[in-house]
2 protein chains.
Amino acid sequence: MRNDVPFVKAMKKTNRADAQRNLDSLLEAAKAVFAESGVDAPVREIASRAGVGIATVYRHFPQRSELIAAVYRREIDACAASAQELAREHEAFEALTRWLHRFTSLIATKRGLAASLNAQDPAYQALPAYFRQHLEPALQSLLAAAAAAGRVRDDVDAYELLRGVGNLCVPVAEVGPGYPRRMVDLLIDGLRYGAPAPSGSGPRRR
Amino acid sequence: MRNDVPFVKAMKKTNRADAQRNLDSLLEAAKAVFAESGVDAPVREIASRAGVGIATVYRHFPQRSELIAAVYRREIDACAASAQELAREHEAFEALTRWLHRFTSLIATKRGLAASLNAQDPAYQALPAYFRQHLEPALQSLLAAAAAAGRVRDDVDAYELLRGVGNLCVPVAEVGPGYPRRMVDLLIDGLRYGAPAPSGSGPRRR
DNA sequence: GTCAGTACCGGAACAGTGTTCCGTATACCC
DNA sequence: GGGTATACGGAACACTGTTCCGGTACTGAC
């Protein structure tokens with residue numbers, strides 16, 4: 001194998017300094033705009049905020065979802081990595097619960113992100129794939145451990161659960177701010193229902 | 001009170017025959033187009049299918065969501081009405097489960113409908129309101145009955161549950177066709193978890 | 001330092017939405 | 001049959017995402 005220097009900045013595929021500079025300010029601008037207006041913000045707004053042309057956005061990110069993934073890459077990776085840590089520090093079910101809560105806030109706090117994960121628009125195609133690739137294994141191992149410990153049922157597919165939680169994070173009008181958390185907790189209790197071993201504590205109450 | 005003839009066709013606010021004719025073909029066209037292309041289909045397509053101009057659509061339905069609600073009005077009303085029937089014919093928890101399944105298929109089989117319920121676009125504003133107005137009372141009574149019978153927990157808000165189930169019906173790529181049903185079942189088991197009375201049967205297994 | 005080649009840039013242009021406006025047509029009432 | 005209010009149709013506007021292409025300026029060689 002050649003050129004396998006580890007941790008080389010994954011994004012850098014260009015040699016020209018201006019291109020790299022543009023890429024950086026694009027990511028920074030996108031992050032700011034996403035925080036303000038959600039991930040559905042107009043491309044023009046991101047471009048102008050970054051001080052670049054529209055085409056520059058498309059050159060670096062042919063699909064809008066790639067830009068989103070790039071902006072949140074670090075957070076997604078951190079979330080995936082936290083699974084091992086939680087598994088080390090907590091009992092299996094507790095680790096699973098904590099991770100699902102962490103995942104919940106990852107999704108729920110980014111306006112429009114949850115909806116984008118389900119958009120059938122080809123511009124968003126890469127986003128679910130990115131999430132699946134990075135987060136499914138993390139959840140899979142936590143789920144398997146909790147099931148092996150008899151704390152949750154063993155007939156639930158990790159990816160489906162991931163998407164289910166993601167869907168529950170889609171914000172809803174006329175509903176209190178804790179809605180995603182409450183629904184995810186309900187889903188978690190569904191996981192516990194009928195688990196082989198007694199579960200100790202009762203359901204989370206509001 | 002004047003002019004309170006019951007069951008007068010709620011939609012008829014016009015006196016001109018051509019307007020009524022247009023309204024009818026508009027609804028028929030919308031129904032067909034929604035079935036083919038989902039509820040996000042272009043307004044122009046619906047208009048041209050109905051053989052009317054674009055403005056005619058907007059005249060009758062200033063908000064897109066009003067058109068959607070009008071098209072599915074009958075099905076929504078039927079779903080709401082079925083709650084009483086189910087409550088009469090089945091034990092409380094069974095009635096609740098069956099109704100939630102019925103609601104699930106109502107949402108899940110209309111492409112794009114689930115997503116539209118969450119769109120923050122003002123054009124879809126009226127849709128969640130319509131659903132809430134008609135379906136929340138139905139679920140509320142079923143939920144209260146099942147809780148009173150000790151079969152489910154009593155700390156879950158009916159509207160939140162309604163929206164939660166709706167969110168779980170948002171279709172997801174790379175997942176089997178039974179996904180919404182499986183997730184809703186999981187949520188239902190979450191309702192049962194820690195209910196006062198023992199629940200009899202175990203969790204639904206796939 | 002400067003020169004050439006090319007990688008990259010920017011914005012105009014295109015295409016597809018939703019939405020509004022206004023001159024025109026027509027159904028109803030007398 | 002005539003007059004008027006009502007409703008109609010499509011052009012026009014505003015705002016998206018996406019593509020194209022002439023021009024710019026960075027890099028590396030000398």
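With C:dC28, C:dC8, D:dT18 as the choices, the nucleotide that has an atom nearest any side-chain atom of B:Arg16 turns out to be C:dC28. Distances from the side chain of A:Tyr58 to the nucleotides D:dA11, D:dA7, D:dT19 place D:dT19 closest. Which of C:dC28, D:dA7, C:dC21 sits closest to the side chain of B:Ala17 comes down to C:dC28. Proximity note for A:Asp18 (side chain, C-beta onward) versus C:dC8, D:dT16, C:dG18: the nearest is C:dC8. Between D:dG17, D:dG9, C:dT19, one nucleotide has an atom nearer to the side chain of B:Ile54 than all others, and that is C:dT19.
Heavy atoms of B:Ala123 sit under 4.0 angstrom from primed sugar atoms or phosphate atoms, though from no base atom.
Taking a cutoff of 4.0 Å between a charged side-chain nitrogen and a carboxylate oxygen, B:Glu89 and B:Arg98 do not qualify as a salt bridge.
A:Pro122 and A:Gln63 make their closest contact through O-OE1, 3.0 Å (heavy atoms, listed as atom of the first residue, atom of the second, distance). Of all the heavy atoms in B:Tyr179 and B:Val170, the pair that sits closest is CE2-O, 3.7 Å. Contact record, B:Asp77 with B:Tyr130: OD1-OH, 3.6 Å, taken as the closest heavy-atom pair.
In terms of phosphate contacts, A:Arg64 brings a side-chain nitrogen or oxygen within less than 4.0 Å of OP1 or OP2 of D:dG17. Within the structure, a side-chain polar atom (N or O) of A:Asn22 is placed less than 4.0 Å from OP1 or OP2 of C:dC9. Using a 4.0 Å cut-off, some side-chain N or O of A:Arg59 falls inside it from OP1 or OP2 of C:dC9.
Below the 3.5 angstrom threshold, one finds no donor paired with an acceptor across the side chain of B:Arg44 and the base of C:dG16.
Here D:dC26 presents its P atom at 7 Å from CZ of A:Arg21, a figure rounded to the nearest Å.
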